[in-house]
Amino acid sequence: MNAGAVQQGRIFASGREARLAVRSGAHRGPTAGIAPGYVQGNLAILPKALADDFFRFCQFNPKPCPLLAASEPGAPRLPALGADLDIRTDLPLYRVWKNGEPVAEVRDLKDVWRDDLVAFVIGCSFSFEEALVEDGIALRHIDEGTNVPMYRTSIETVPAGPFRGPLVVSMRPLKPADAIRAVQITSRFPAVHGAPVHIGKPGMIGIADIMQPDYGDPVAVKADELPVFWACGVTPQSVIAAVRPEFSITHAPGHMLVTDLRNSRLAVL
């Protein structure tokens with residue numbers, strides 16, 4: 001559970017309760033740990049003209065982009081994730097992009113929503129983090145109350161139409177025995193990134209300085225630890241920056257959509 005969330009007292013009994021708090025403005029911060037047991041999702045919203053290609057991009061790249069749901073064009077509802085869910089209001093902070101550049105961060109999408117927009121919700125590592133913590137594996141960014149460090153890598157995603165670009169990974173430093181256990185645990189959660197894509201030697205995947213993440217906050221890797229890297233749902237933001245669509249929307253890092261799905265339902269074993 002995220003220390004920052006606990007300190008703020010922002011712990012809710014269900015995904016719906018968390019969304020209502022976000023919608024009303026009662027909760028405005030990051031969402032890690034605010035609704036234990038409930039699946040959270042990354043968000044990418046694109047014009048209908050790009051939606052089919054992005055859907056294929058998710059199919060071709062299931063590790064960084066495990067698709068949980070997609071909306072109909074112009075529809076703000078995703079019933080599969082929550083009966084009353086409104087994608088325009090239910091995230092604490094959104095990032096608006098124009099021509100591949102972030103131009104604003106907003107609390108809701110009421111002023112920018114369009115009838116041709118399609119929302120994609122992608123699985124988030126918060127789900128498997130909960131399983132790791134329950135197994136007794138300490139996660140430093142959670143203990144320190146910061147965002148997980150994330151890095152653009154030299155690993156290329158599989159292209160689909162105009163969508164292509166580098167894989168983004170998140171990193172958690174673990175002792176070797178915990179790293180082995182983490183592989184076993186996260187392999188059970190393919191809908192939320194699954195097993196790590198790399199362990200140790202960050203230079204082998206194009207990361208020059210582990211203390212200089214492209215997103216999130218740096219955390220120390222101690223002498224008796226290995227950096228363990230998972231595919232990350234921020235990858236669509238990196239790809240959007242490369243594709244440069246005329247208009248798009250994502251979540252602001254750390255500010256996810258809390259759904260009514262239970263993390264336990266995503267485990268395959």
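Nothing fancy with the numbering, it's 1 onward along the sequence. Values reported hereafter were calculated over all heavy atoms of this structure, with side chains retained and with hydrogens, waters and symmetry mates removed.
- Shown here is Asp115, whose CG atom has no more than 12 heavy atoms of other residues, nucleotides or ligands within 6.0 Å.
- The backbone N or O of Ala160 lies less than 3.5 Å from no partner atom in the side chain of Asp53, so there is not a single donor-acceptor pair.
- Closest heavy-atom contact between Pro253 and Asn147: O-ND2, 4.0 Å.
- Applying the side-chain contact (heavy atoms from CB on, under 4.5 Å) criterion to Arg164, with sequence neighbours excluded, gives Pro159.
- Residue Gln59 qualifies as enclosed at atom CD: its count of foreign heavy atoms under 6.0 Å is above 12.
- Judged by distance alone, with hydrogens and angles left aside, the side-chain atoms of His193 form no donor-acceptor pair with the main-chain N or O of Pro196 at under 3.5 Å.
- Residue Arg56 comes nearest to Gly161 through the heavy atom pair NH2-N, 3.4 Å, listed as atom of the first residue, atom of the second, then distance.
- The cluster map of Ile, Leu, Val, Met, Phe, Trp and Tyr, joined by side-chain heavy atoms under 4.5 Å apart, puts Phe12 and Leu20 in different clusters.
- Taking a cutoff of 4.0 Å between a charged side-chain nitrogen and a carboxylate oxygen, Arg88 and Asp86 qualify as a salt bridge.
- Tracing side-chain contacts under 4.5 Å through hydrophobic residues (I, L, V, M, F, W, Y), one never reaches Val221 starting from Tyr215; they form parts of separate clusters.
- Judged by distance alone, with hydrogens and angles left aside, the side-chain atoms of Lys63 form a donor-acceptor pair with the main-chain N or O of Ala195 at under 3.5 Å.
- Between Lys48 and Asp116, no side-chain nitrogen of the basic residue sits less than 4.0 Å from a carboxylate oxygen of the acidic one, so the salt-bridge criterion is not met.
- Smallest separation of non-hydrogen atoms from Leu50 and Pro245: CD1-CB, 3.5 Å.
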**Request:** Would you sort out whether Phe54 and Phe163 count as a ring pair (Phe, Tyr, Trp, His ring centres under 6.0 Å), showing the intermediate values?
**Result:** CA-CA 7 Å; Phe54 187 75; Phe163 291 100; 5.3 Å; yes
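- In the hydrophobic cluster analysis, where Ile, Leu, Val, Met, Phe, Trp and Tyr join through side-chain heavy atoms closer than 4.5 angstrom, Ile249 is grouped apart from Val239.
- Using a 4.0 Å cut-off between charged nitrogen and carboxylate oxygen, Arg77 and Asp84 do not count as a salt-bridge pair.
- Using modelled atom types, no side-chain atom of His141 and backbone atom of Asp143 make a donor-acceptor pair closer than 3.5 Å.
- Shown are Cys124, Pro236, Pro64; of these, the side-chain contact (heavy atoms from CB on, under 4.5 Å) with Asn42 is made only by Cys124.
- One finds a salt bridge joining Asp260 and Arg19 here, because a Lys/Arg side-chain nitrogen approaches an Asp/Glu carboxylate oxygen to under 4.0 Å.
- Gln40 and His251 are not linked by any side-chain donor-acceptor pair at a separation below 3.5 angstrom, with hydrogens and angles left out of the test.
- Environment of CG in Asp209: crowded, with over 12 heavy atoms of neighbouring residues, nucleotides or ligands closer than 6.0 Å.
- Classification of Arg114 and Glu246 as a salt-bridged pair holds, one side-chain N sitting under 4.0 Å from a carboxylate O.
- Heavy atoms of other residues, nucleotides or ligands lying less than 6.0 angstrom from CZ of Arg95 number more than 12.
- When the side chains of ILVMFWY residues are joined at heavy-atom separations under 4.5 Å, either directly or via intervening members, Met150 and Val197 end up in two distinct hydrophobic clusters.
- For the pair Val96 and Phe247, the tightest heavy-atom approach, listed with the atom from each and the gap, is CG1-CE1, 3.7 Å.
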